[in-house]
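Scroll down for the structure; my scribbles are underneath it.
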Amino acid sequence: MAYIYRFAIWVFFLLTLSTFLCPTAATTRKLTALVKQQPLVLKYHKGPLLAGNVTVNLVWYGRFSPKQRSILVDFLQSLSSVHRRSPQPTVASWWHTIAGYTGKPCTVAVGNQILQESYSLGKTLTNQKLAVLAAKGWKGGKTAAVNVVLTDDDVAMDGFCMSRCGNHAWSRGGLAYAWVGNPGKQCPGQCAWPFHQPIYGPQTPPLVSPNGDVGIDGMVINLATVLAGTVTNPFNNGYFQGPSGAGLEAVSACTGIFGKGAYPGYPGEVVLDKTTGASYNAVGVRGRKYLLPAMWDPKTSTCKTLV
């Protein structure tokens, strides 16, 4: 009962390489470019969505520093914060696209935070252990809640770096939960791009992360991806395209796109902080800056970027 966020950037890079390695494929691509492409459509499968007030409970598995925790918590708090007359795009304006799926605003609040610094289940986790950890965040009383397990950079998780950077699932009791790992030491090229050069594909210079932590800023991108997927497809019968359990969702349908003009290996036009040299496209609470992926907009059937 899990929905895996597969890092589709790998596909983009391999397609780019195939253009050079296979002239026939390149020719075919040129010919198909003459045909008007059909818009990407995520089909609604008539299942329940998470709308209204949604509480996100956090289980910190590992020894995250207070600074690292604050970056991720500030991101979650920014999803529903109010920025009056902000001169720049906000995290809240990015999240507002969710209302096009649910029919009404989805307000996110941070609930319980459980620290698991002693690695109670070891440093190698399975999906079964993940479900046990997710349950620790549940205290009852909230009907619309998502328990999110965040694992530190010294924790190995089944499939982490190989086929996923995070995923969301649900328990038999109907509890939605998600997981995101810190890729800083294990696989920044797979799960923290564009803040680290990829293992495959165009080796363009990486962007400078807005909060000075490649792993945590990569987690923000992946947390944004799985949280949007959890809200719009919590029980695998909401919005998605493709095979059940492994299809494209609200943000994973737009993987690798962060600004206008994006193409494989290039994240697109983003905002540059002239003081730090960091790249971002959204501002959150306490002046935090984040780089957020594009989200599929059900109103236009396109991947919507903030800049």
Sequence-distant partners of Asp74, salt bridge (Lys or Arg N to Asp or Glu O under 4.0 Å), two or more places apart: Arg286, Arg288

Listed partners of Thr300 passing side chain to side chain donor-acceptor pair (under 3.5 Å), at least two apart: Thr302

Pair listing, salt bridge (Lys or Arg N to Asp or Glu O under 4.0 Å) test, anchored in residues 290-307, at least two apart: none

Partners passing side-chain contact (heavy atoms from CB on, under 4.5 Å) against Val307 (at least two apart in sequence or in another chain): Pro89, Val271, Asn281

Ser209: side-chain contact (heavy atoms from CB on, under 4.5 Å) partners, not counting sequence neighbours: Phe195, Val214, Asp217

Pairing residues for Tyr44 by the side chain to side chain donor-acceptor pair (under 3.5 Å) criterion, not counting sequence neighbours: none

Parallel, tilted or perpendicular: rings of Tyr239 and Trp296 (30°, 60°): tilted

Side chain to side chain donor-acceptor pair (under 3.5 Å) against Thr126, all qualifying residues, sequence neighbours excluded: Gln128

Qualifying salt bridge (Lys or Arg N to Asp or Glu O under 4.0 Å) pairs, either residue in residues 266-277, two or more places apart: Asp273-Lys289

Residues in ring-ring contact (aromatic ring centres under 6.0 Å, His included) contact with His45, at least two apart in sequence or another chain: Phe240

Partner set under side-chain contact (heavy atoms from CB on, under 4.5 Å) for Pro206, not counting sequence neighbours: Gln197

Side chain to side chain donor-acceptor pair (under 3.5 Å) against Tyr280, all qualifying residues, sequence neighbours excluded: Gln88

Gap between atom CZ of Phe160 and atom CG of Asn167 - 0.5 Å precision: 11.0 Å

Sequence-distant partners of Leu121, side-chain contact (heavy atoms from CB on, under 4.5 Å), two or more places apart: Tyr61, Leu125, Lys129, Val132, Leu133

